S.K.: 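Can you keep this structure in mind? I'll have questions shortly.
These numbers were taken from a predicted model, which means no experiment stands behind them. Excluded from the calculations below are hydrogen atoms, water molecules and symmetry mates; all remaining heavy atoms, backbone and side chain alike, are included.
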Amino acid sequence: FVLIPEAEIDVTYTDNRDLAQWTCQTMIRGGGNQFDHDMPVEDAALGRQGDVRENPSWCIESKDHTIESTWTVEEPAVIYWGPAPSRTSAPSSSSITTSPEMT
């Protein structure tokens, strides 16, 4: 899910359309978040680069755009692992970093 208003990008990029559809239906719809609206789905190559301990980045390459998100790690990541939200049946995990910078 990518929302960059100044670049007029509001798209779900994916390398697995079935998973993107499932994620939208079970985790996004009805959640009231910034992605809870109809978004076009586009095929893309998704990749990670850099050293995850110091300068990680994500890269999305679609037919129309290349988007790279980078940030500097200033503190160890905080990782949460616990039960899934009540609407799903799978465990959930997330990581939180500080000082993100989009390029």
S.K.: Determine, step by step, whether Ile60 and Glu68 satisfy the side chain to side chain contact (heavy atoms under 4.5 Å, CB included) criterion, reporting the C-alpha distance in whole Å, the side-chain angles of both residues, the deciding distance to 0.1 Å, and the verdict.
M.R.: CA-CA 6 Å; Ile60 301 169; Glu68 185 175 356; over 6 Å; no
S.K.: With side chain to side chain contact (heavy atoms under 4.5 Å, CB included) as the test, would you mind laying out the steps for Val11 and Phe1 before giving the verdict?
M.R.: CA-CA 6 Å; Val11 177; Phe1 305 96; over 6 Å; no
S.K.: Could you walk me through whether Cys24 and Gln21 pass the side chain to side chain contact (heavy atoms under 4.5 Å, CB included) test, one step at a time?
M.R.: CA-CA 5 Å; Cys24 286; Gln21 181 180 12; 5.8 Å; no
S.K.: What verdict does the side chain to side chain contact (heavy atoms under 4.5 Å, CB included) test give for Cys59 and Ile67, after you've listed the backbone C-alpha separation in whole Å, the side-chain angles of each residue and the deciding distance to 0.1 Å?
M.R.: CA-CA 6 Å; Cys59 186; Ile67 301 168; over 6 Å; no
S.K.: Would you find more than 12 non-hydrogen atoms of other residues, nucleotides or ligands less than 6.0 Å from Glu8 atom CD?
M.R.: no
S.K.: Which atom pairs, donor and acceptor, lie under 3.5 Å between side-chain atoms of residues 39-51 and protein residues at least two apart or in another chain?
M.R.:
{"residue": "Asp43", "atom": "OD1", "partner": "Arg17", "partner atom": "NE", "Å": "3.0"}
{"residue": "Asp51", "atom": "OD1", "partner": "Arg53", "partner atom": "N", "Å": "2.8"}
{"residue": "Asp51", "atom": "OD1", "partner": "Arg53", "partner atom": "NE", "Å": "3.1"}
{"residue": "Asp51", "atom": "OD2", "partner": "Arg53", "partner atom": "NH2", "Å": "3.0"}

S.K.: List the atom of Ile28, the atom of Phe35, and the distance in Å for their closest heavy-atom pair.
M.R.: CG2-O, 3.4 Å
S.K.: If you look at every heavy atom in Ile9 and Tyr13, which pair is closest and at what distance?
M.R.: CG2-OH, 3.9 Å
S.K.: May I ask you to decide if Thr23's main-chain N or O and Arg29's side chain share a donor-acceptor pair within less than 3.5 Å?
M.R.: no
S.K.: Give the minimum heavy-atom separation between Thr12 and Ala20, together with the two atoms involved.
M.R.: CG2-CB, 4.3 Å
S.K.: Which distance, rounded to the nearest 0.5 Å, do you find between the NZ of Lys63 and the CD of Glu61?
M.R.: 14.5 Å
